[in-house]
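Here is the structure we will look at.
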Amino acid sequence: MSRTTGTAPDTLTPPDATAGRAPAAEEGTSAGADTSAGPGTPDRTGAEAGVATYVFAVGRGCDAAALTGLPGHAPGTPLRLLPFGELTAVVQDVPAAAFTEDALRERLADRVELERCARAHHEVIAAAAAGAPTLPLPLATLYRGDARARAALRRDEPRFLAALERVAGRVEWGVKVHARPAAAREAPRPGAATAPAAREPDGAAGAGARPGHAYMQRLRGARQERERRQEAGLNAAEAVDRALRGIAVASRRLRAHDPALSGRGPQLLNAAYLVAEGREAEVREAVRRLRESPGCRAVEVELTGPWVPYSFVDGGGQDARG
């Protein structure tokens, strides 16, 4: 598993802290006690002061010392480990009232609060992954106490073990391709040449010229230019994807982000690539060449990582090298 976890960007924790499938997560405030607590760590129950068990990640051989001093989510108790089967979960006790469905909906609708929660979530996962094979769980994976958390995690243990095998020794790289604002929004320049069909025939400027003909031709030319730029951008995005898939053992297309949130041009590609550790220089060099290639002049190529493989907990588009 990766020992390199990247640096959080200026926006939400990439690729997406809310991605993936939680193991039967549930929102609530109470649960019965479980007498099978891990060594030195008694189980908490939801009935104890109205707390919920928040699960950040699961892994094999997690080191509690790696979590020392990390705040996790505030307000919350110190981070701890919750053993289950062959694996261990990184968890925290949080006030159940602050993590109800309604409370979470309100908090995560606030972009600043969402980013704060995502960063706290990622910080814990990155620390755990720095010392042991670790699988991140989605943001706000909650249970009504340790007993229910352990039961749900045990049910998903085969999936976790398979995922740990899949991502061992590999990291995730994120690549986004945006249309350059100037290329995506530039209006036709006054006096720009048009196609031969758009030119007025000799003498057409006289009394016999059709009113509005030149205007309609300019509109048609502008539309054709937009279509040309759009096609060039999509071709560039496909070229970027092909190049990265040539290095990766698996890839996954992610949902596009709203340009209004990034302040950039339309997003043409948002993808994650699972790459063997030690190939960092190869990835960066491939992106550098793409940025300098004539086919990518109309786009911006953004590279982030390496990350804990958030996008491959549930698999991904494995190719022949996977």
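Note that the numbering runs from 1 along the sequence shown for the chain.
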Compare all side-chain heavy atoms of L82 with those of V55 and state whether any distance is below 4.5 angstrom.
-> no
Could you give the distance from CZ (F84) to CD (E157), rounded to the nearest 0.5 Å?
-> 6.0 Å
What is the distance from atom CG of L161 to atom CG of L135, rounded to the nearest 0.5 Å?
-> 9.0 Å
Side-chain touch F312/R170, heavy atoms, less than 4.5 angstrom = no
Any chance CD of E106 has more than 12 other-residue heavy atoms, nucleotides or ligands included, within less than 6.0 Å?
-> no
Non-hydrogen side-chain atoms of R116 and R119 separated by less than 4.5 Å = no
Does R252 reach the side chain of L274, with side-chain heavy atoms less than 4.5 Å apart?
-> no
Are R105 and D102 side-chain neighbours, meaning at least one heavy-atom pair lies under 4.5 Å?
-> yes
Calculate, to the nearest 0.5 Å, the distance between atoms SG and CG belonging to C117 and L104 respectively.
-> 8.0 Å
Identify whether NZ of Lys or CZ of Arg in R150 sits under 6.0 Å from the centre of the six-membered ring of Y143 and within 45° of that ring's axis.
-> no
Does a side-chain heavy-atom distance below 4.5 Å link L303 with R291?
-> yes
Sequence neighbours excluded, which residues qualify as side-chain hydrogen bond (donor to acceptor under 3.5 Å, both in side chains) partners of E282?
-> R279
Is the closest side-chain heavy-atom distance between L142 and V94 below 4.5 Å?
-> yes
Apply the test side chain to side chain contact (heavy atoms under 4.5 Å, CB included) to residues L244 and V275: give CA-CA distance (whole Å), side-chain angles for both, the deciding distance (0.1 Å), then the verdict.
-> CA-CA 9 Å; L244 271 296; V275 179; 5.8 Å; no
Determine the interplanar angle of the Y54 and H121 rings, folded into 0 to 90°, and report it as parallel if under 30°, tilted if 30 to 60°, perpendicular if over 60°.
-> perpendicular
D241 and V177: CA distance, side-chain angles, deciding distance, side chain to side chain contact (heavy atoms under 4.5 Å, CB included) verdict | CA-CA 9 Å; D241 184 54; V177 176; over 6 Å; no
For Y273 and I247, what are the C-alpha separation, side-chain angles and deciding distance, and is it a side chain to side chain contact (heavy atoms under 4.5 Å, CB included)?
-> CA-CA 9 Å; Y273 301 90; I247 301 172; over 6 Å; no
Compare all side-chain heavy atoms of E280 with those of W173 and state whether any distance is below 4.5 angstrom.
-> yes
Verdict with supporting geometry, V308 and E172, side chain to side chain contact (heavy atoms under 4.5 Å, CB included) | CA-CA 6 Å; V308 179; E172 177 173 338; over 6 Å; no
